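Here the structure is laid out as structure tokens; the discussion comes afterwards.
Keep in mind that what you see is a predicted model, and the values were worked out from it rather than measured. Both backbone and side-chain heavy atoms feed into the values below; hydrogens, waters and symmetry mates do not.
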Amino acid sequence: MADYKVGIVGLGIMGKPMAKNVLKAGYGVVAFDFNQDAVDELVAAGAERGDSGKDVAEKTQVVVTMLPNSPNVEAALFADNGIVSGLTAGKAVIDMSSIAPKASQSFAKRLGELGVEFLDAPVSGGEPKAIDGSIAIMVGGPQATFDKYKALLETMGGDVNLVDTVPGAGNITKLANQMIVRSTSPQFLKLTLWLKKLALIHLLFTKPSALV
């Protein structure tokens, strides 16, 4: 059993089975969602009920968010009684939602100013793979943070990879993956532009002198 508790905010089609897999792996889980039926199901499986994002963050070491879009993640983190209200330095947030890379980068910066670690870790694969724990997870963020929480991520996914140490890299990779799956000429052009942008972001953070 892990020596820390995991908070999970967002118990939808993907989030609920992912949370159950975390429980099965022996982690203590504190769960929150506005859908109380989903929370009831997790509590029946062994989770603790969270009263709010703040409550979840106060009771856990790392909070996993799995929400529909960027505004939902921002509200879950920063709204009144949200996750940030219960975080302290040294804790972590892993956002597994598929959101805009720029939003991930903004959240990483704002949380970093509080001493909170952040990974963006969107997933690929539908509900059946979330249920059996075989989804692919594309992670962006510091190597040390990834190493610390890789075992947790592996309870939810069968293919877990750190694609870059730059925040937002996970969601850029997810976008590229979607473009390839739906491949048309305009989309490949967009993919090329995204990958160039990722390369520039990486240089900016790791070798700024190369851009001079």
Side-chain angles (χ1 to χ4, degrees), residues 4-19 21-22 27 29-34 50 52-54 56-57 60-79 81-88 90-125 130 135-157 160-178 198 201:
Y4 60 85
K5 284 186 176 182
V6 179
I8 300 183
V9 175
L11 302 174
I13 290 173
M14 299 293 285
K16 185 167 64 176
M18 289 163 63
N21 285 332
V22 175
Y27 289 83
V29 170
V30 183
F32 175 72
D33 194 287
F34 290 118
S52 64
K54 177 183 178 182
V56 169
T60 60
Q61 168 61 30
V62 53
V63 180
V64 174
T65 51
M66 187 59 168
L67 297 162
N69 54 44
S70 303
N72 287 150
V73 177
E74 183 169 24
L77 287 171
F78 301 105
N81 223 31
I83 294 165
V84 166
S85 302
L87 292 172
T88 54
K91 292 190 175 187
V93 171
I94 302 176
D95 179 39
M96 303 188 74
S97 319
S98 294
I99 64 172
K102 285 185 178 180
S104 293
Q105 292 159 9
S106 172
F107 301 155
K109 182 176 184 297
R110 293 166 71 180
L111 291 169
E113 291 169 351
L114 302 173
V116 174
E117 298 174 295
F118 179 83
L119 297 172
D120 70 300
V123 307
S124 180
I135 52 176
I137 303 176
M138 298 150 278
V139 187
Q143 181 75 54
T145 307
F146 174 74
D147 291 343
K148 188 185 301 184
Y149 296 109
K150 184 180 180 184
L152 168 62
L153 293 170
E154 287 176 337
T155 69
M156 296 177 273
V160 180
N161 291 287
L162 180 69
V163 295
D164 204 292
T165 57
V166 176
N171 275 298
I172 291 174
T173 305
K174 174 68 182 285
L175 282 173
N177 179 65
Q178 289 175 319
L198 174 59
I201 292 170

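- With 3.5 Å as the limit, one finds a donor-acceptor pair spanning the side chains of Thr65 and Asp95.
- Although no hydrogens or angles enter the test, the distance criterion places a donor-acceptor pair under 3.5 Å between the side chain of Asn171 and the main chain of Ile99.
- Nearest heavy atom pair, residue Thr60 against residue Gly7, reads CG2-N, 3.4 Å.
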Worksheet item: What do the steps show when you test Leu87 against Leu114 for side chain to side chain contact (heavy atoms under 4.5 Å, CB included), and what is the final call?
Response: CA-CA 8 Å; Leu87 292 172; Leu114 302 173; 5.8 Å; no
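- Not a single donor-acceptor pair under 3.5 Å links the side chain of Ser70 to the backbone N or O of Ala103.
- In this structure, the side chain of Ser106 does not engage the main chain of Lys102 through any donor-acceptor pair within 3.5 Å.
- Residues Lys148 and Tyr4 approach most closely at O-OH, 4.2 Å, considering heavy atoms.
- With rounding to the nearest 0.5 angstrom, the CE atom of Met96 is 9.0 Å from the CD1 atom of Ile8.
- The shortest heavy-atom contact between Ala169 and Gly140 is CB-CA, 4.1 Å.
- Summarising the geometry, atom CG belonging to Leu11 is positioned 4.5 Å from atom CG belonging to Asp33; distances are rounded to the nearest 0.5 Å.
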Worksheet entry | Check against side chain to side chain contact (heavy atoms under 4.5 Å, CB included), Met14 and Ile135 | CA-CA 10 Å; Met14 299 293 285; Ile135 52 176; 4.1 Å; yes
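- Of the possible polar contacts, none joining the Glu117 side chain to the Leu111 backbone as a donor-acceptor pair under 3.5 Å is found.
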Practice prompt. For the pair Val22 and Val64, evaluate side chain to side chain contact (heavy atoms under 4.5 Å, CB included) and give the outcome as yes or no after the intermediate values.
Written response: CA-CA 11 Å; Val22 175; Val64 174; over 6 Å; no
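- Formation of a donor-acceptor pair under 3.5 Å by the Ser104 side chain with backbone atoms of Gly168 is not found in this model.
- Nearest heavy-atom pair, Ser97 versus Val73, reported as atom, atom and distance to 0.1 Å: OG-CG2, 3.4 Å.
- To the nearest 0.5 Å, atom CE of residue Met156 and atom CE of residue Met66 are 9.0 Å apart.
- Across every non-hydrogen atom of Ile94 and Ala121, the tightest pair is CG2-CB, 3.9 Å.
- The distance from atom NZ of Lys91 to atom CD1 of Ile83, rounded to the nearest 0.5 Å, is 11.5 Å.
- Between Phe107 and Phe78, the ring planes are tilted. Angles from 30° to 60° get that label.
- Closest non-hydrogen pair, Leu67 versus Ala76, comes out as CD1-CB, 3.6 Å.
- The CG atom of Leu153 sits 8.5 Å away from atom CE of Met18, with the distance rounded to the nearest 0.5 Å.
- Here the CD1-CG distance, from Ile137 to Leu162, works out to 12.5 Å after rounding to the nearest 0.5 Å.
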